[in-house]
Amino acid sequence: MEAEVYKYLAAGLAIGLGAIGSAIGEGMIGSKALEAIGRNPETSGKITPLMFVAMAVTESTAIYALVVALIILFG
Amino acid sequence: MGLNISLAPEVIFHIGSFPITNAFFVSIFVTVIVLAVFLLIANRFQTVPTRFQALVEILFEEAFDFVESIIGNREKAKRIFPLVFTMFIFILFANLLTYIPGQAAVTLKTEEGVMPLFRAAMADYGVVFMMTMVSVILMQIVAIAVHGPFGYLGKFFNFKGPLDFFLGLMDIVGEIAKIVSLSFRLFGNIFAGEVLGAVMLFLAPYFIPLPFMFLGLLTAFVQAFVFSVLTLVFISMASTIEEDELVEEASI
Amino acid sequence: MELINALGLNVKILLAQLVNFSVLLFVLYKFAYGPILKMLDERRDKIEEGIKNAEDAKTKLAKIEMSEKEILSDARKEAQKIIVAAEDVAKKNKEDILNEAKKQSQQILEKAEKNIEQEKNKMMEDAKKELSELVSLATEKIVGEKMDAKKDKEIIDSVIK
């Protein structure tokens, strides 16, 4: 019973702490992209897809955390 | 607990010894829908477009121009466009299908219990893994075709120095990490969206889940876009010859 | 490995999914993308051609307009030249004519003066002649007898002078 509890705790911590970095990163990407669009509105068509791709790459860290959490929970 | 979250898709019935999961069922369903829609559009295509056709054309044109702008070459873009666009459309339709109201209520009673007939196809790791493997294997094929088999292996096993050797090994890890990150990004997002939706519905059935559903719609589109664009970017990276490599070839 | 089970990965289903996706890709490639992209390409070519034609026509029109303007300005210049030349010629002609007229009038005047002079001289001579005869006649009558013609003449001449 004790081990089970720690497992859940570990999974929650893994995804929770892992998500912090990518959350900050994505926020920065979004704010910078919006800033760029605000400064130069004509380029929004080019910036938006790039922003999404950059966000997806940044998200990788959180994804790894998710994988680890899943491994802890189900593995 | 009334929540019913399962990581794996549920098996709804067997054909012989072949298990049919609900995710597999849905992906076939999506395939049929996509085929029907696109064949209908393609058959009705005329030179002078109707309004709907113009919409589809804009979608195609924009998508193709986007592919061309990333891969930087019209001929290459023509080759890679079908795969990338099919991935995009398939993922998009599969994601959007979950937002058709009422389908979550369709359940099936089997020996193992009551289970939903429809499940977000991308919340099944199998489908995502299959598509990821397609794109990763294609990347390796493109890389081998462009660099030649020895150039390809030379990238991973580099004996010029300890640092180069280590970086080569790290490249192998990078290729494997591509599989994990590409597949789990899509799977994680959609699965998390499903879980989030289920939890919100469980906690507060009315109105409160709506903003999350909007967010989910955005995710549905963005993840389809990201998956196909990352595939495209990786393939275009594999298909370009780096400059120092050109210098190396010239010096030989 | 338990994770694979937990994720529900199954080789059979994976293969089935792959086949499913391949069929989708193949059918779409064969029957949707091919025709649609071909049509879009054709339309793009057509539009490009149209735009090119329109641009050609535009440049041609501009050229024609330019040449028209050039011709017009040339013609204007020419006309100006002609007018200036005509004016010059007219001025010259006028001067010539004036000069000629002056000359002629001068000549006529001179001629007239000469004529008058001649006439005057002639008249004077005639008058002198007649006067001398008259005087001789009168003297003859008065004197009653004819003097020596020679002497007579001498006397008259001296008187008249």
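Note on naming: letters A, B, ... go to the chains in the order of the sequence lines (proteins, then strands), and numbering restarts at 1 for each one.
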- Query: Is it the side chain or the backbone of B:F187 that comes within 4.5 Å of chain A heavy atoms, both, or neither?
  - Reply: side chain
- Counting N and O atoms only, with roles assigned by atom type, does the side chain of B:S135 sit under 3.5 Å from a partner on the main chain of B:T132, one being a donor and the other an acceptor? yes
- Note on the structure: Whatever's closer than 4.5 Å to a heavy atom in chain B on A:Y64 counts as side chain
- Message: In terms of relative ring orientation, are B:F66 and B:F225 parallel, tilted or perpendicular, with 30° and 60° separating the classes?
- Response: tilted
- Which side-chain hydrogen bond (donor to acceptor under 3.5 Å, both in side chains) pairs, counting each pair once, include a residue from residues 208-220 of chain B, with sequence neighbours left out? none
- Going by residue number, which parts of residues 173-181 of chain B are within reach of chain A, meaning a heavy-atom gap below 4.5 Å? B:A177, B:V180, B:S181
- Angle class for the B:F93/B:F38 ring planes (parallel below 30°, perpendicular above 60°, tilted otherwise)? tilted
- Message: Would B:L182 and B:R185 count as a side-chain contact (heavy atoms from CB on, under 4.5 Å) here? Give the steps.
- Response: CA-CA 5 Å; B:L182 198 57; B:R185 174 173 302 121; 4.2 Å; yes
- Item | Choice from B:L230, B:V233, B:V229, B:V222 maximising heavy atom contacts with chain A below 4.5 Å | B:V222
- Establish, yes or no, whether a centroid distance under 6.0 Å links the rings of B:F227 and B:F90. no
- Give the ring-plane orientation class for B:F81 versus B:F64, where under 30° counts as parallel, over 60° as perpendicular and anything between as tilted. perpendicular
